[in-house]
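Beneath this line is the structure, given in structure tokens, with notes to follow.
Naming: A, B, ... by sequence-line order, numbering from 1 per chain.
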Amino acid sequence: MPTDGFINAEVKVRFAPSPTGYLHIGGARTALFNYLYARKFNGTFLLRIEDTDIKREKEDSIVRILEDMKWLGLSWDEGPVRQTQRLDIYKKFAEEMLEKGLAFKCYCTPEELETKRQKMKDEKLNPRYDGTCRHLTPEQTAQFEAEGRKPAIRFRVPDRKVTVNDLVRGEVIYDEDFAGDFVILKSDGTPSYNFAVVIDDYQMGVTIVMRGEEHLVNTPRQVLLYEAMGFQVPQFAHISMILSPSREKLSKRHGTVAVDLFKQEGYLPEAMVNYIALLGWSPPEGKELFSLDELIEAFSLDRVAKNPAVYDVEKLKWINSQHIQKMDNEKLLELLIPYLKSAGFVNDETVVSKRETLLKITEALKPRLVLLSDVAREAAIFFDDELHFDEQGKEALGWEATPAVFDAFLEVLDEYESLTADNFMEAIKKIQKKSGAKGKNLYVPLRAGITGQGHGIDMSWIMTILTPEQMKNRLKSAKQMVLA
RNA sequence: GGCCCGUUGGUCUAGCGGCUUAGGACGCCGCCCUCUCACGGCGGAAACCAGGGGUUCGAAUCCCCUACGGGCUACCA
């Protein structure tokens with residue numbers, strides 16, 4: 001039995017989404033845990049698409065899910081395998097079960113079943129298949145066939161208790177009557193979910209079935225199928241769900257839940273992965289900031305919580321900002337460029353020609369970025385030469401010391417080709433001496449004069465990144481404001 | 001209705017019978033750093049461990065009941 005703590009090359013896990021839309025953070029977490037487990041134990045990570053319900057659209061959805069997984073950095077070793085490409089396999093196994101008497105054909109129509117189900121509900125009975133076709137005579141079968149009815153194939157569910165041993169939840173026992181004979185092959189020849197998973201997980205050699213809690217109750221049915229067919233039963237690990245802040249099942253109504261939308265909003269994949277891991281798994285030590293590789297190292301199934309987690313965007317934001325701060329400037333700038341471009345601050349040419357300046361801006365702004373997209377707002381003072389005054393900036397225009405500071409600043413600026421980390425303090429001192437202002441009375445007018453704002457990043461950054469020419473122009477228009 | 005799973009500050013969680021006056025993180029508040037904002041550092045408020053019964057010398061931790069939340073009960077996955 002593979003357990004946490006030693007390397008097992010036989011470990012094989014899988015992520016098996018159904019292509020019903022996009023990858024949301026719950027699915028992403030299931031994928032992540034599988035990925036972490038596979039990597040931790042040198043195992044294999046299989047990706048399988050459960051697309052047997054042909055009524056739903058899926059092509060677009062599959063593409064999106066694969067892209068999201070790649071973006072998160074969750075690489076898989078096998079697949080994607082599509083269940084729709086394996087339909088004859090399921091059919092073959094279903095027929096085999098028929099031959100062995102483990103299953104039977106059921107000619108009941110969906111309408112008939114629905115009527116019966118409703119009736120049972122009304123009589124406060126458990127709505128389940130009543131066994132109508134369990135013991136059909138050859139004559140009855142012939143009769144139905146003659147009517148042109150297409151049969152579904154149902155599993156003859158054995159009448160006994162089933163124990164599921166779950167790596168997260170422990171032993172869960174189900175009574176003998178927990179389920180009626182359920183369909184394994186629909187009348188259109190496609191397999192039902194419970195049947196297809198069992199065949200697939202068995203044939204693909206999956207050793208641990210790690211999935212969402214919504215599948216826990218399906219598990220005894222699957223265990224029965226494994227045993228009926230003589231397959232070795234894998235281990236199971238059911239991960240609790242992720243709930244919205246209103247404690248409901250997550251859906252688009254609760255803000256951003258789709259992975260690709262987080263990407264658009266300016267979250268880092270490593271931050272997403274870090275945050276998602278913390279929902280339902282707790283690190284062995286106090287540490288909470290992890291890279292993917294560190295997660296692989298630290299992950300273990302026995303620290304996965306049983307209770308559902310409510311997702312909280314505030315903590316995600318914090319984690320995102322932390323990952324941004326850790327990133328080196330070169331890499332961060334690359335990620336920022338798309339946002340700078342769409343804000344109209346840079347283009348293909350200036351990205352190259354002004355690279356040094358852009359790197360300085362990146363470094364200056366780094367501590368203030370929560371989302372990558374914040375750069376559009378934060379970097380505006382460097383690219384937009386028109387002053388947009390905020391309340392404090394405007395107020396500073398009226399200060400007594402302001403005109404003198406502006407004039408001193410203009411004069412001093414004439415003395416420099418450019419301001420740098422080395423001569424910046426010297427320039428400030430000169431302005432101070434000429435204007436007679438110091439401290440707040442010096443800095444706030446300086447800041448307001450070239451950015452229009454009363455607060456913001458360190459003046460040393462602003463004055464060394466902007467050119468003297470830019471600053472002079474801005475100061476002049478600020479002077480106009482004072483006079484007006 | 002039945003069957004399962006869950007319930008520690010607003011949120012994520014630690015805790016797996018005594019180490020607990022219940023620890024950490026986000027958020028919130030205050031102080032420090034500082035021209036300001038952000039970062040960072042320090043400190044604080046915030047949980048009668050869902051409620052009630054047991055078991056035990058001793059329970060957030062074990063058992064039972066109740067409440068609440070969720071899942072499943074399909075020819076959805």
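- Nucleotides B:C48 and B:C37, compared at atom P, are 36 Å apart to the nearest Å.
- Judged purely by distance below 3.5 Å, without hydrogens or angles, the side chains of A:Glu145 and A:Tyr107 pair a donor atom with an acceptor atom.
- Comparing B:A22 with B:A46, their P atoms sit 13 Å apart, to the nearest whole Å.
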CA sep, side-chain torsions, deciding dist, call: A:Trp281, A:Phe33, side chain to side chain contact (heavy atoms under 4.5 Å, CB included): CA-CA 9 Å; A:Trp281 170 79; A:Phe33 285 8; 3.8 Å; yes
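- Across every strand in view, B:C76 sits unpaired, with no contact that passes the Watson-Crick or G-U test at under 3.5 angstrom.
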Footprint string (nucleotides 6-15 of chain B, 5' to 3'): B base within contact, S backbone only, - free, heavy atoms under 4.0 Å: SS---SBSSS
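- A sub-4.0 Å separation between OP1 or OP2 of B:A25 and a side-chain N or O of A:Lys287 is absent.
- Straight-line distance from the CG atom of A:Asn218 to the P atom of B:C3: 18 Å, rounded to whole Å.
- Across the protein-nucleic acid pair, A:Glu285 atom CD and B:G24 atom C1' stand 13 Å apart, rounded to whole Å.
- For the P atoms, the distance from B:C64 to B:C42 is 45 Å, rounded to whole Å.
- Taking a cutoff of 4.0 Å between a charged side-chain nitrogen and a carboxylate oxygen, A:Asp188 and A:Lys150 do not qualify as a salt bridge.
- Checking B:C19 for Watson-Crick or G-U wobble geometry (two distances, each under 3.5 Å) identifies no partner in any strand.
- If you take CZ of A:Arg14 and P of B:A77, they are 14 Å apart, rounded to a whole angstrom.
- With rounding to whole Å, A:Asp181 atom CG is found 12 Å from B:A74 atom P.
- Heavy atoms of A:Phe182 sit nowhere under 4.0 angstrom from any nucleic acid atom.
- Remark: P of B:C4 and CD of A:Gln222 are 18 Å apart, rounded to the nearest angstrom.
- Of all non-hydrogen atoms in A:Ile324 and A:Leu371, the two that sit nearest each other are CD1-C, 4.2 Å.
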Verdict with reasoning, A:Val233 to A:Glu227, per side chain to side chain contact (heavy atoms under 4.5 Å, CB included): CA-CA 7 Å; A:Val233 184; A:Glu227 290 175 348; 4.1 Å; yes
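- Among the protein residues, A:Leu216 comes within range of the sugar-phosphate backbone only, with heavy atoms under 4.0 Å from sugar or phosphate atoms but none that close to a base.
- The only option from A:Val198, A:Asn194, A:Val197 that meets the side-chain contact (heavy atoms from CB on, under 4.5 Å) definition with A:Arg221 turns out to be A:Asn194.
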Could you go through nucleotides 46-50 of chain B and list every protein N or O atom that sits under 3.5 Å from one of its N or O atoms, giving the distance for each pair?
none

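- A 4.5 Å side-chain heavy-atom check between A:Val444 and A:Gln392 finds every atom pair outside the cut-off.
- Nucleotides B:A38 and B:G44 have their C1' atoms positioned 22 Å apart, rounded to a whole Å.
- Within the cation-pi definition used here (under 6.0 Å to the ring centroid, within 45° of the axis), A:Lys91 does not qualify as a partner of A:Phe93.
- Heavy atoms of A:His215 sit under 4.0 angstrom from at least one base atom.
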Are any protein N/O atoms closer than 3.5 Å to N/O atoms in nucleotides 35-41 of chain B? If there are, list each pair with its distance.
unit_1: B:C35; atom_1: N3; unit_2: A:Arg447; atom_2: NH2; d: 2.8
unit_1: B:C35; atom_1: N4; unit_2: A:Met459; atom_2: N; d: 2.8
unit_1: B:U36; atom_1: O2; unit_2: A:Gly456; atom_2: N; d: 2.6
unit_1: B:U36; atom_1: O2; unit_2: A:Gly456; atom_2: O; d: 3.0
unit_1: B:U36; atom_1: N3; unit_2: A:Arg447; atom_2: NH2; d: 2.9
unit_1: B:U36; atom_1: N3; unit_2: A:Gly456; atom_2: O; d: 2.8
unit_1: B:U36; atom_1: O4; unit_2: A:Asp458; atom_2: OD1; d: 3.3
unit_1: B:C37; atom_1: O2; unit_2: A:Arg368; atom_2: NH1; d: 2.1
unit_1: B:C37; atom_1: O2; unit_2: A:Arg368; atom_2: NH2; d: 3.1
unit_1: B:C37; atom_1: O2; unit_2: A:Gly456; atom_2: O; d: 3.0
unit_1: B:C37; atom_1: N3; unit_2: A:Gly456; atom_2: O; d: 3.2
unit_1: B:A38; atom_1: O2'; unit_2: A:Pro367; atom_2: O; d: 2.8
unit_1: B:C39; atom_1: O3'; unit_2: A:Gln325; atom_2: NE2; d: 3.2
unit_1: B:C39; atom_1: O2'; unit_2: A:Gln325; atom_2: OE1; d: 2.9
unit_1: B:G40; atom_1: OP1; unit_2: A:Gln322; atom_2: NE2; d: 3.0

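- In this structure, the CG atom of A:Asp166 is 18 Å from the P atom of B:G71, given to the nearest Å.
- Residue A:Leu185 is classed as having no contact, given no heavy-atom separation below 4.0 Å to the nucleic acid.
- What separates CD1 of A:Ile319 from P of B:G27 is a distance of 10 Å, to the nearest Å.
- With respect to the salt-bridge test (charged N to carboxylate O, under 4.0 angstrom), the residues A:Arg82 and A:Glu50 do not qualify.
- For the 3.5 Å distance criterion, the side chains of A:Gln235 and A:Asn165 fail to qualify, holding no donor opposite an acceptor.
- For A:Ser192 and B:C75, a side-chain-to-base donor-acceptor distance below 3.5 Å is absent, hydrogens and geometry of angles not being considered.
- Heavy-atom nearest nucleotides on RNA chain B were determined for A:Glu171 and for A:Arg117, and the one closer to the 5' end corresponds to A:Glu171.
- Under the 6.0 Å distance and 45° angle rule, A:Arg154 counts as a cation-pi partner of A:Tyr129.
- Between A:Pro445 and A:Thr402 the shortest heavy-atom distance is CG-OG1, 3.7 Å.
- Judged by Watson-Crick or G-U wobble contacts below 3.5 Å, the nucleotide B:G6 has B:C68 as its partner.
- Looking only at atom types and distance, the side chain of A:His24 has no donor-acceptor partner in the side chain of A:Tyr311 under 3.5 Å away.
- With both ends at atom P, the span from B:G41 to B:A59 equals 39 Å, rounded to whole Å.
- Taking the C1' atoms as reference points, B:C4 lies 29 Å from B:G10, given to the whole Å.
- Applying the Watson-Crick and G-U wobble criteria (two distances, each under 3.5 Å), B:G43 pairs with B:C29.
- As rounded to whole Å, 17 Å separates atom P of B:C72 from atom CZ of A:Arg128.
- Between A:Met272 and the options A:Ile319, A:Ile25, A:Leu32, a side-chain contact (heavy atoms from CB on, under 4.5 Å) holds for only A:Ile25.
- As rounded to the nearest Å, B:A14 and B:U61 have C1' atoms that lie 13 Å from one another.
- Nucleotides B:G24 and B:G15, compared at atom C1', are 12 Å apart to the nearest Å.
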